[in-house]
Amino acid sequence: MQEPTGVSQLVEHLFRHESAKMIATLTRIFGIEHLSLAEDVVQEALSRALETWPYRGIPEKPSAWIMRASRNLALDVIRRQKSFRAKEAEIAQLMERDGSADETATFSEHEIADDRLRMMFVCCHPVIPSEAQVALALKTLCGFSVAEISHAFLTTEAAIAKRLTRAKQKIQEAHVPFEIPAGDELARRLDSVLQSLYLLFNEGYKASSGEKLVRRELCEEAIRLTELLAQHPAGNHPKTHALLALMLFNAARLAAREDDRGNLLRLEEQDRTRWDQAMIARGMSHLSESAAGGVVSEYHLQAGIAACHATAKDYQSTDWARILSLYDRLMEFDDSPVVALNRAVAVANVHGAKTGLEAVRAVRDGKKLDSYYLFYAVIGELEMRLNNREAAAQEFRKAFELAETKSERAFLLKRLRDCEPISELSSNSPSA
């Protein structure tokens, strides 16, 4: 009898790393209208593996066993449906290809990659709301469970399940084809795909709320999918490489963003020896590839800013003048208050804290930042540089009240302690 623990670990690995590939392939064979069926049969096959492998032993090629079991389960259901006749020829071809008794892989890696890209473009179709696009991508492309997705977005499993159901209904109602688009349609859809991947990465890089500031697994999934996209002719575009470079530069700093207790560290406080130099090198390679064609996107400019930080040997030697120049250009694409706030930080590092504060106060539509904790944190930092400790404390308090992650609140409490006398802390400081 096979050790149950070993079987459980293997099935967990297959669920995380192989199930999404199988779902994409089954969806191509049986049609996008059977996406939920594909998910269900893969889950059922994994459950059967848990039940039978401890007694019968682990197959020589476990993923092929799961794929075959999933396919057979789906066939049993499809044969009872009217749609079977329309798919009969393609299904017969599948059976012929997989007719041998040995457990060889059913599909080539190239076919699997294409299937996953098709699924990526389906998940990011414009008929699906953006928040549902990310949830659907996590479910179908990353193998995340509903519970994991709900945890990532700090909402209920019921809310995520409803979001996913509605997304699939939209796909069926709009008859979204399971294909990689071409021509003008590809250009339009690629923007949605890149935006969705960037949202996925950002949710991992800086969680919107909760106990953990960083969810590394979300960053890794976003990078993996963007790499897959960049390697395919449909996604091998300069802005795809620019986005991938941006992700790699930022992800290279993940290990240094928090201290041993999970508390946030500012850029100038981070141990740069912990930055992943191999990842930075990959980022530079993709940034170089993004220069092809001469078209500059927001991702190019953001990647350029991230590269300045990633390649500086220390905070003091950061090329802030170049960063400010890049922010000036970025404002031409996106003059949102958040980008303007980030530009103000660069202004302060080039022209001084007083000029930086003036840039903060000059942010257009600044009212939109009233509920953004970093708005007050930035002002607090600049007031501290000017030695206006009382004014800084007021801003840090406002930021503390708005911060949602434990790490951010701990960081802001520390900044409060840096600018207030000890005697005042006992009666005035908010509790962490």
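Hydrogens, waters and symmetry mates play no part in the numbers below; they use all other heavy atoms, side chains included.
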Donor-acceptor check, side chain of Gln133 to backbone of Ile128, threshold 3.5 angstrom: yes or no? yes

Taking only residues at least two apart or on different chains, which pairs with a member in residues 119-146 satisfy salt bridge (charged side-chain N to carboxylate O under 4.0 Å, His left out)? Glu39-Lys139

Only one of Asn342, Leu341, Leu357, Leu369 passes side chain to side chain contact (heavy atoms under 4.5 Å, CB included) with Val378, and that residue is Leu341

Residue list, side chain to side chain contact (heavy atoms under 4.5 Å, CB included) with Leu228, at least two apart or on another chain: Ala113, Arg116, Leu117, Met120

Report the C-alpha separation of Asp114 and His232 in whole Å, then their side-chain angles, then the decisive distance to 0.1 Å, and conclude whether the side chain to side chain donor-acceptor pair (under 3.5 Å) test is met. CA-CA 8 Å; Asp114 276 3; His232 193 279; 2.9 Å; yes

Going by side chain to side chain contact (heavy atoms under 4.5 Å, CB included), name the residues that satisfy it together with Ala135, two or more places apart in sequence or in a different chain. Ile149, Arg163, Leu164

Tell me, yes or no, whether the heavy-atom count around Arg385 atom CZ, taken from other residues, nucleotides or ligands under 6.0 Å, exceeds 12. yes

Is it true that atom CG of Asp184 has more than 12 heavy atoms of other residues, nucleotides or ligands lying nearer than 6.0 Å? no

Do the side chain of Arg272 and the main chain of Ala312 share a donor and acceptor less than 3.5 angstrom apart? yes

Partners of Val350 by side chain to side chain contact (heavy atoms under 4.5 Å, CB included), sequence neighbours excluded? Trp320, Leu324

Can you tell me which residue pairs pass the salt bridge (charged side-chain N to carboxylate O under 4.0 Å, His left out) test with a partner in residues 238-256, sequence neighbours excluded? Asp191-Lys239

I'd like to know if Glu332 and Arg329 make a salt bridge, using a cut-off of under 4.0 Å between side-chain N and carboxylate O. no

Is the shortest side-chain N to carboxylate O distance from Glu220 to Arg224 below 4.0 Å? no

Can a donor-acceptor pair be found, under 3.5 Å and without considering hydrogens, that links the side chain of Arg257 to the backbone of Tyr205? yes

Side-chain donor-acceptor contacts of residues 281-291 below 3.5 Å, not counting sequence neighbours, with atom names and distances?
residue	atom	partner	partner atom	Å
Arg282	NH2	Glu227	OE2	2.2
His286	ND1	His241	ND1	3.0
Ser290	OG	Leu287	O	2.6

